[in-house]
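Encoded as structure tokens, the structure appears first; notes follow it.
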2 protein chains.
Amino acid sequence: MSTRQRSGATSSDVAALAGVSQSAVSRAFTPGSSLAEEKRLRIVEAAKKLNYVPNSIARSLTTRRSNIVAVILGNTANPFYLQVLEAFILRLQGQGRQVLTFTVPNGGDSDEAILRVLRYQVDGVILTSAQLSTRMVSLCHDRGIPVVLFNRYIPGSDASGVRCANAEGGRLIAEAFLAAGARTFAMIHGDPKGTTSQDRARGFVDKLAEAGIARSAITSLEGHSVYDGAFNAVSRHYRDGKAKLPDAIFGINDIMAMGAIDALGQRFGLKVPDDVMIGGFDDIAEGRRFPYRLTTVRQPIDTMVEKALDILHLDEPLRPIQPGIDVQVPGRLIWRQSIPAPRSRTPDGAA
Amino acid sequence: MSTRQRSGATSSDVAALAGVSQSAVSRAFTPGSSLAEEKRLRIVEAAKKLNYVPNSIARSLTTRRSNIVAVILGNTANPFYLQVLEAFILRLQGQGRQVLTFTVPNGGDSDEAILRVLRYQVDGVILTSAQLSTRMVSLCHDRGIPVVLFNRYIPGSDASGVRCANAEGGRLIAEAFLAAGARTFAMIHGDPKGTTSQDRARGFVDKLAEAGIARSAITSLEGHSVYDGAFNAVSRHYRDGKAKLPDAIFGINDIMAMGAIDALGQRFGLKVPDDVMIGGFDDIAEGRRFPYRLTTVRQPIDTMVEKALDILHLDEPLRPIQPGIDVQVPGRLIWRQSIPAPRSRTPDGAA
DNA sequence: CGCAAAGTTGAATGCGTATTCAAGGGGCGG
DNA sequence: CCGCCCCTTGAATACGCATTCAACTTTGCG
């Protein structure tokens, strides 16, 4: 009701009411510090009476730890990364930490975001699907702020990262296609500069090469990591029988595989997997359901998030920055209806 | 490479290098403060040399403004709210502000999140689809922290809020159904305690009543605001011809409308809109596409976000907390294929 | 009972910045 | 040439809390 500007009671206010020193109040709210139980109770009671809440900003200033972790997101159009964001939030909240969320325009660099992050003295930075200059890496490095790249790495840098074993995942899809009898292929790339897309494509092509498929039998399309990009690429490339349809199309991520399926269905009246088989990557919720039923490589989000936070070493009082730790977590092939199952396998339903 | 604990150069370091006082450095980084241009340049240069970045934590302590806004999310399973989150992030980033993101378990209360928020001295709180006790409202109130409820309100409270005109939206869907010739109806509710779901349902029922449809001709199902909930509710309710199918089903939000469509198709082989027509609410991206093509009420996210931030009055140096401002933004009916178009209208394609 | 060790407590200090206050300098009009 | 006002500047202080240090109290054990 009043327009008071004070943001609330301070530890000194509580101290005065409880008849103790400000130090005692601080200790009452710092687990593990030495304080008589009886006094602690008295302080807590006084605090409640004043609606006292410790000021984390002030605390951060002295402890030099903000308990804030920054998560920087590129490509928010891909539901996968929103799922990743949620996983980070849940886990960090469980640890009593907060998440400062940033987005950077798709394909843009994250330098500005990093600069903002530095101002807020965050305890760590998670970077997904965004470019990061090596200058920024070393800036964080110098200030003792650990950075973990999520599903991305900077070749030649010593930045740490966690990623799905993308190349192996690409191989898994290739194997599935081969087992289902495909002999001609297309793949829809995401961000051409992104290592994630490159690695998946490489694994895919390598496996096919091993099976004797010539590189020329594999068409490359650009889908820019988004649904519409894939939809349009497929629509354009196969319009009017301009190009011959392959037996199988690999969407470098699920959202593009979905775009491809819809383009085939709506533009050309083609059915998946009867006319063309489709494989994806990520295992996003939307792709599990009708009508997509994507056969895909599941990225174990929880495991990846856990490992990323491990690398951050948030609990270390002083954290020596290790030279880049690079963790790869294997993906798992999930069989659904978008690729016909070979004899030896049975498709599972929607997971 | 070193394990230095210092988090970087301070304004005093820069001052020493530039041969000025710490005050001057502070002024150099505070737009609008009085400082000779030549000196400002010298300071900026020294700062660059030291990789100095102002410490926002320390700044917040003296200015009593953190430039942080908290966004609390319930129901992250609904893509709509992730879209909302992104809109807030983008807009706030553009203002030089940061977003602290919290999630609360679906249907849970947000009291704990609010308490965390208070510790961080955020400049404002946005709360979406989560319960909030009036005690917490007044706690924020007392501390001068503005709270805006997004698509939610607390009856009898003076908390501010922005929401879509939900009742009117429900009416729009009812009108569309009626225009298409429907006479029997079902609706799938979301969170039974949520005002959003209640309001949409009320508008829907009211409009039907005006058209002479008895309440008993409207079946109520519980979908708990999630895809699976709606899918299961429809599957169960109409199993084995247990209940007669209505002409039209209103999913209180798109994600449930989608679940309903899939249940009808997969469980009963029914086609939309030929066998049953379906209406939704929100206009999420997934519902625009094949195979859903949802006719729905679009919530103008950008407008709503803008208004929500207006109410926050982030720029006011001292912000008197107004008694609850309650803004309602009208939704717009988007015609797609899930409801047959009456003569006078033409459906648009995927938007 | 005595002494050392452990446990408690408060005063004082520092974290990095913004801001106030008073002092100094320069320009301008009279 | 003088006086006034505005612009610029640095010293000092406050922001709210954690932590160190020294003083004091209690416990434990011989």
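Every heavy atom of this structure was used, including side-chain atoms; hydrogens, water molecules and symmetry mates were not. Lettering of chains follows the sequences in order, A, B, ..., and the numbering in each one begins at 1. Values in this document were obtained by computation on a predicted structure and should not be read as measured data.
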Could you state the atom-to-atom distance from [atom1] of [X] to [atom2] of [N] in whole Å?
X      : N      : atom1 : atom2 : result
B:Y120 : D:dC17 : OH    : P     : 13 Å
B:I57  : C:dC15 : CD1   : C1'   : 12 Å
A:L61  : D:dC17 : CG    : C1'   : 8 Å
A:R59  : D:dG16 : CZ    : C1'   : 11 Å
A:Q121 : C:dC15 : CD    : P     : 14 Å
A:R40  : C:dG7  : CZ    : P     : 14 Å

Could you tell me which residues satisfy side-chain hydrogen bond (donor to acceptor under 3.5 Å, both in side chains) with [X], sequence neighbours excluded, listed by chain and number?
X      : value
A:S133 : A:D111
B:D310 : none
A:S26  : none
B:N55  : none

- Within-4.5 Å side-chain heavy-atom neighbours: A:R59 and A:N67: no
- Task: Would you check if B:R119 and B:L115 make a side-chain contact, meaning some heavy-atom pair closer than 4.5 Å?
- Result: no
Check this one for me: any side-chain N or O of [X] less than 4.0 Å away from OP1 or OP2 of [N]?
X     : N      : result
B:T63 : C:dA18 : no
B:R65 : C:dA18 : no
A:S26 : D:dA18 : yes

Donor-acceptor list for residues 77-96 of chain A side chains, cut-off 3.5 Å, not counting sequence neighbours:
unit_1	atom_1	unit_2	atom_2	d
A:N78	OD1	A:F80	N	3.0
A:E86	OE1	B:T76	OG1	3.3
A:E86	OE2	B:T76	OG1	2.4
A:Q93	OE1	B:T103	N	2.8
A:Q93	NE2	B:T103	O	3.1
A:Q95	OE1	A:R97	NE	3.0
A:Q95	OE1	A:R97	NH2	3.4

- Query: Where along residues 14-23 of chain B does a heavy atom fall under 4.0 Å from DNA chain C?
  - Reply: B:Q22, B:S23
- Item | Contact residues, residues 27-39 of chain A to DNA chain C [heavy atom, < 4.0 Å] | A:R27, A:S34, A:L35, A:A36, A:K39
- Query: Can you list every pair that meets salt bridge (Lys or Arg N to Asp or Glu O under 4.0 Å) and has a residue in residues 40-53 of chain A, with sequence neighbours left out?
  - Reply: A:E37-A:R40, A:E38-A:R42
- Assert: residue with more 5' nearest nucleotide on DNA chain D, out of B:A58 and A:V25, is B:A58
- Item | Sequence-distant partners of B:D302, salt bridge (Lys or Arg N to Asp or Glu O under 4.0 Å), two or more places apart | none
- By salt bridge (Lys or Arg N to Asp or Glu O under 4.0 Å), which residues pair with A:R116, not counting sequence neighbours? A:E112
- Going by the ring-ring contact (aromatic ring centres under 6.0 Å, His included) test, which pairs reach into residues 13-54 of chain B, not counting sequence neighbours? B:F29-B:Y52
- Query: Looking at residues 41-55 of chain A, who's got a heavy atom less than 4.0 Å off DNA chain D?
  - Reply: A:Y52, A:P54, A:N55
